[in-house]
Amino acid sequence: MCDSGQQKVEEKLPEETLKRWESEQAALKLQVIENNTEEWQEDPLFCGLERVAGVDLSFIKGDDVTACAMLVVLSYPELEVLYEDCQMVAITAPYIAGFLAFRETPFLVEAVLRLQREKPSLVPQVIFVDGNGLLHHRGFGLACHLGVLTRLPCIGVAKNLLLVPGAPGKEEFKDQVKAMQKAGDSFSVTDTCGRVLGKALRSCDKSTKPIFVSVGHQISLDSALRLTQSCCRHRIPEPIRQADIRSREF
DNA sequence: GCGACAG
DNA sequence: ATCTTGTCGC
């Protein structure tokens with residue numbers, strides 16, 4: 001009777017925890033490198049790039065705790081799966097927009113460490129992360145977080161636009177989306193000050209719904225956008241798509 | 001004040 | 001994230 005709609009079992013975090021998370025993000029943000037650090041990143045054809053990775057967590061229907069952490073490594077430019085690591089994990093942190101990293105990062109870092117330990121030759125040269133990088137409330141999304149902790153180049157790819165203080169107005173946004181007619185078209189997402197936080201990209205001709213690319217770590221936005229597009233056979237870049245698909249069949 | 005809000 | 005079949009189209 002007191003039930004109004006679907007209530008989610010969201011743990012209430014102490015205000016103090018959020019403050020601690022915010023300061024942790026601020027501290028780690030100082031280590032983010034927002035430009036290219038590798039030679040292949042400047043090459044028009046990404047010559048020298050051989051391995052790209054994708055990471056993703058999948059959950060089960062009614063279970064808010066159990067998840068499957070997936071890391072896949074694909075060859076480039078063929079985009080064939082070279083490596084797959086799936087681990088069932090117990091999530092501790094709740095989902096809070098702006099703090100996704102504290103929920104997923106621990107398990108993704110674990111997966112990268114396992115790979116470095118067991119198959120060093122397959123360690124990726126860049127990781128596609130399902131979430132944002134600099135396109136974030138405090139300029140430090142999941143892709144930045146994972147990049148700093150692993151010291152690997154990371155690209156943030158979100159399927160939906162995260163509402164950040166200076167981001168697009170709804171009407172203007174719709175018009176900009178409509179203006180993208182073909183695969184590869186894009187427009188900048190900026191903050192209040194006009195700084196570019198990321199790009200909305202039409203990743204394929206089939207879908208009109210854009211994806212949102214932003215810098216995670218050790219790669220420029222231009223290179224990130226170019227590489228993302230070159231990894232798109234469907235709307236979602238193949239590395240993330242494979243991680244997503246394979247994490248559900250377990 | 002209320003709502004919106006990556007996965 | 002997950003709940004979900006058929007259906008329209010290349």
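Computed from a predicted model, the values in this text were never measured in an experiment. Residue numbers start from 1 in every chain, and the chains themselves are labelled A, B, ... in the order their sequence lines are given, proteins ahead of strands.
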Fill in: Within residues 219-226 of chain A: residues closer than 4.0 Å to DNA chain B (heavy atoms)
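Contacts with DNA chain B under 4.0 Å: none.
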Discussion item. Any residue in residues 99-113 of chain A with a heavy atom nearer than 4.0 angstrom to DNA chain B? Just list them by number, or reply none.
Written reply: Phe99(A), Leu100(A), Arg103(A), Glu104(A)
Test side-chain hydrogen bond (donor to acceptor under 3.5 Å, both in side chains) applied to [X] - qualifying residues, sequence neighbours left out:
X	value
Arg20(A)	none
Ser58(A)	Ser247(A)
Arg246(A)	Glu84(A), Gln242(A)
Thr208(A)	none

Item to complete: Sort by first number and list every stem of DNA chain C: at least 3 consecutive Watson-Crick or G-U wobble pairs, both distances under 3.5 Å.
Response: none
Discussion item. Holding to salt bridge (Lys or Arg N to Asp or Glu O under 4.0 Å), I want the full list of residues that pass it with Glu238(A), two or more places apart in sequence or in another chain.
Written reply: Arg241(A)
Worksheet item: Taking only residues two or more places apart in sequence or in another chain, which ones pass salt bridge (Lys or Arg N to Asp or Glu O under 4.0 Å) with Asp185(A)?
Response: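 If we apply the salt bridge (Lys or Arg N to Asp or Glu O under 4.0 Å) test to Asp185(A), skipping adjacent residues, the hits are Lys182(A).
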Fill in: Which residues share a ring pair (Phe, Tyr, Trp, His ring centres under 6.0 Å) with Phe212(A), sequence neighbours left out
none
Worksheet item: With sequence neighbours excluded, what pairs up with Trp40(A) under the ring pair (Phe, Tyr, Trp, His ring centres under 6.0 Å) test?
Response: none
Worksheet item: Does Asn160(A) make a side-chain N or O approach to OP1 or OP2 of dC5(B) shorter than 4.0 Å?
Response: no
Worksheet, complete the sentence: Students should find that the hydrophobic cluster of Leu45(A), defined by side-chain heavy atoms under 4.5 Å apart, otherwise consists of none
